[in-house]
2 protein chains.
Amino acid sequence: MKNEILQNPSLEESFDLLKRDNPETFFHNRQRIRARSMIVSFGYCQVDYEGRASSSLDFGDRLVILKKDGTALIHQNEKREPVNWQPPGSSHEAILKVEGEEPTDLILRSVRSNPFEVLDIAFREIHLLSILKGEDEAQLNLSGSEKSMGNRIMKQPDLIEQGFIPIEREKKTPFGPVDIFGKDYEGNIVVVELKRRRVGPDAVSQLKRYINALRKEESETKGENFRGILVAPSITDSAKDLLEEEGLEFVSLNP
Amino acid sequence: MKNEILQNPSLEESFDLLKRDNPETFFHNRQRIRARSMIVSFGYCQVDYEGRASSSLDFGDRLVILKKDGTALIHQNEKREPVNWQPPGSSHEAILKVEGEEPTDLILRSVRSNPFEVLDIAFREIHLLSILKGEDEAQLNLSGSEKSMGNRIMKQPDLIEQGFIPIEREKKTPFGPVDIFGKDYEGNIVVVELKRRRVGPDAVSQLKRYINALRKEESETKGENFRGILVAPSITDSAKDLLEEEGLEFVSLNP
DNA sequence: CGTTCGATATCGCCT
DNA sequence: AGGCGATGTCGAACG
């Protein structure tokens, strides 16, 4: 249960550490990797991905992370997103390429089975290799999402308008659940779509789809009137135009 | 230009390393951080985020990455996504909290100015602290995206249908650019929307919005006929229903 | 499994 | 800076 940290190890030393940390060896130069917690490496490498799309990344120094759930991440020194990755459930192995007597590359290979995709990270030099074995049972506690907007409206329906009566949360339609389904003070059916941030035309289309689906479902029995209300902090101009064209309404509400 | 790597440093040693690596000190116990390439740390910490939403994460061992562009990432031992983060452009500092004589916490604070959001990472123990200074000029070369589908169709228009004539790529509408705008063998106007993966109802709505916008723009001058074609590897059932209702068409094409 | 949609989405392009 | 759409989007909830 001790972390292993190597500074500027040779490719062979790196391979041996990965080998020592895991009993299942494929061949003398191929080693399955199962991280206990995380394996973190920083080194000079080249990256190739082949799958639904394909990509290549020329040599450079970057950070590679292998997680215990099979996630693989490659981070350059900018941006929030990994330049290449493999999602959870992938399997990892290390391959030591030898030319004559000398190891030339240490390849970390990550394979995803469905869809079949392969990620190859070929190291020429390794500046840092660490096998980290910490404990982490904690789970994130998040508030301020769309769900909490809905909770607030259910508790205080006149945030939408005076006399609004919510009936059903997440009411099912063929195109997905309506956020809040209710009636206004006159008895008209009201479909509410919530967004936690400024909305564009896509949200208007989404609301329209729900209304059309419900209208088709219910209007055959009774001749009800339908209103659609988009609830968000703000709305773009083009979305406002579309909204008015479609006879829908907007209510401003912060998350 | 040498990497600095500490294994199981004290909070004070960690703070001193960060201090040594950067000349601008705010106070004796507050230190601005500007990573040359990346700062990578693994330790026992608690995380709080307050901004558009807010979150808290109880103590556990996790990986923290600070990048030179101001990105901050916190990774647990599962999933592709960071549990907390700050996007590029944020500013980082280290704060050593002292109770009596003893340091109790090393806080890495990341602040984003617009919108104003603060991320606090409070370390109790540090298992690994590394200041990494590699070089990476390489850029990702990706193929197989939506753009390449468009290129293929422009070169070989009958992938859409016999006699299709593309006229304009990315033609502007008030709701965004139409992927391919053209005519069929009868002279009807054709609006093509490309998707590199299986499409749902949102793509149908998107295509319909474009057609409506173009129809409004052009039909006043001439009485043209409009066709909308969704091009993707496949389509979901509900999207197919919606598509037929709207009088639109589907062509299957792999990316 | 597939479908659908939210996200502290991020990112890039264009106006 | 804001609008808009793509992403190898990811992730969760539900059928």
Side-chain angles (χ1 to χ4, degrees), chain A residues 49-55 71 73 78-88 90 112 114-119 140 142-150 170 172-179 193-203 206 209-210 234-240 255, chain B residues 49-55 71-73 78-90 110 112 114-119 140 142-150 170 172-179 193-203 206 209-210 234-239 255:
Chain A
Y49 153 73
E50 187 74 43
R52 290 163 296 171
S54 61
S55 74
T71 301
L73 300 170
E78 292 183 341
K79 296 292 146 87
R80 203 207 79 140
E81 289 302 302
V83 62
N84 280 110
W85 70 92
Q86 209 63 291
S90 309
R112 178 189 193 174
N114 188 10
F116 185 75
E117 303 191 288
V118 181
L119 178 68
L140 188 72
L142 179 71
S143 62
S145 45
E146 182 183 296
K147 211 171 101 189
S148 17
M149 281 180 82
E170 306 290 329
K172 302 290 174 296
T173 75
F175 296 118
V178 163
D179 287 335
E193 174 64 29
L194 303 174
K195 295 290 172 196
R196 62 175 306 286
R197 36 182 295 179
R198 187 172 173 82
V199 289
D202 54 336
Q206 193 183 348
R209 282 204 306 274
Y210 292 158
S234 62
I235 184 169
T236 67
D237 288 343
S238 71
K240 189 122 214 285
Chain B
Y49 154 73
E50 186 74 42
R52 289 162 297 172
S54 61
S55 74
T71 302
L73 299 170
E78 293 183 340
K79 297 292 147 82
R80 203 208 78 142
E81 290 303 301
V83 62
N84 281 110
W85 71 92
Q86 208 66 288
S90 309
S110 175
R112 177 189 193 174
N114 189 11
F116 185 75
E117 303 192 287
V118 180
L119 178 67
L140 188 72
L142 178 71
S143 61
S145 46
E146 182 182 295
K147 211 170 102 189
S148 16
M149 283 180 80
E170 305 289 332
K172 302 289 176 297
T173 76
F175 297 119
V178 163
D179 286 336
E193 175 64 29
L194 303 175
K195 296 288 171 198
R196 62 174 305 286
R197 35 181 294 176
R198 188 171 172 81
V199 289
D202 53 335
Q206 192 184 348
R209 282 204 305 275
Y210 292 160
S234 62
I235 183 167
T236 66
D237 287 344
S238 71

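Residue numbers begin at 1 in each chain, while the letters A, B, ... track the order of the sequences.
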Euclidean distance for C1', C/dA7 against D/dG5 (whole angstrom): 16 Å
Value in whole Å for how far the P atom of C/dA9 lies from CD of A/Glu146: 11 Å
A/Arg80 CZ to C/dA9 P, straight-line distance once rounded to whole Å: 10 Å
Rounded interatomic separation in angstrom, taking NZ from B/Lys147 and C1' from C/dC13: 10 Å
5' precedence on DNA chain D between B/Pro177 and A/Ser55 (nearest-nucleotide basis): B/Pro177
Nearest-neighbour nucleotide for the A/Lys195 side chain, C/dG6, C/dT8, C/dC11 considered: C/dG6
Between C/dG6 (P) and A/Leu142 (CG): distance, integer Å: 15 Å
Which nucleotide in C/dA7, C/dT10, D/dG8 has an atom nearest any side-chain atom of A/Leu119: D/dG8
Residue closer to the 5' end of DNA chain C, A/Leu194 versus A/Glu78 (nearest nucleotide): A/Leu194
Whole angstrom value for the distance that separates C1' of C/dT3 from CD1 of B/Ile235: 13 Å
Touch class at under 4.0 angstrom, heavy-atom based, for B/Phe116 against every strand present: nothing
Short side-chain N/O contact to C/dC5 OP1/OP2 from A/Arg209, under 4.0 Å: yes
Side-chain N,O (B/Tyr210) to OP1/OP2 (D/dG5) below 4.0 Å: yes
Any donor-acceptor N/O pair under 3.5 Å between C/dT8 base and B/Asn84 side chain: yes
Interatomic distance at P, D/dG11 relative to C/dC11, whole Å: 16 Å
Out of D/dG8, C/dT8, C/dG6, whichever nucleotide has its closest atom nearest the side chain of B/Arg52: C/dT8
Pairwise C1' distance, D/dA6 and D/dC10 [rounded to whole Å]: 14 Å
Closest heavy-atom pair and its distance - B/Glu170, B/Lys172: O-NZ, 3.1 Å
Short side-chain N/O contact from A/Arg197 to OP1 or OP2 of C/dG6, under 4.0 Å: no
Given DNA chain C, 5'-ward residue of the pair B/Thr236 and B/Lys172, judged by closest heavy atom: B/Thr236
B/Glu117 CD - C/dA9 C1' separation (whole Å): 12 Å
Sugar-phosphate, base or nothing in reach of B/Ser54, heavy atoms under 4.0 Å: nothing
Proximal nucleotide (of C/dC11, C/dT3, C/dG6) relative to the B/Pro88 side chain: C/dC11
Distance below 4.0 Å between A/Trp85 side-chain N/O and D/dT9 OP1 or OP2: no
Which nucleotide in C/dT8, D/dG5, C/dC5 has an atom nearest any side-chain atom of B/Pro201: C/dC5
Sugar-phosphate only, base, or nothing, as touched by A/Gly176 at under 4.0 Å among non-hydrogen atoms: sugar-phosphate
Whole-Å distance separating the CG atom of B/Asp202 from the C1' atom of D/dT9: 13 Å
Residues A/Arg80 and B/Glu81 bridged, charged N to O under 4.0 Å: yes
Rounded C1' spacing from D/dT7 to C/dC5 in Å: 15 Å
Length of the CG-C1' vector between B/Asp237 and C/dC1, whole Å: 14 Å
Phosphate OP1/OP2 of D/dG8: any A/Arg112 side-chain N/O under 4.0 Å: no
Under 3.5 Å donor-acceptor, B/Gln86 side chain and B/Glu117 backbone: yes
Phosphate OP1/OP2 of C/dG6: any A/Gln206 side-chain N/O under 4.0 Å: yes
Side chain proximity check, A/Asp179 to A/Met149, heavy atoms < 4.5 angstrom: no
Heavy-atom donor-acceptor pair, B/Gln206 side chain to A/Asp202 backbone, under 3.5 Å: no
For the student: nearest non-hydrogen atoms of A/Thr71 and A/Pro88, plus distance: OG1-CG, 3.4 Å
Side chain proximity check, A/Glu193 to A/Val199, heavy atoms < 4.5 angstrom: no
Polar side-chain contact B/Glu193-D/dG5 base: donor and acceptor under 3.5 Å: no
Closest nucleotide among C/dT4, D/dT7, C/dG2 to the B/Arg198 side chain: C/dG2
Closest nucleotide among C/dC5, D/dG8, C/dG12 to the A/Lys79 side chain: C/dG12
Closest to the B/Glu81 side chain, choosing from C/dT8, D/dG8, D/dC10: D/dC10
For the student: nearest non-hydrogen atoms of A/Leu142 and B/Ser55, plus distance: CD1-CB, 3.8 Å
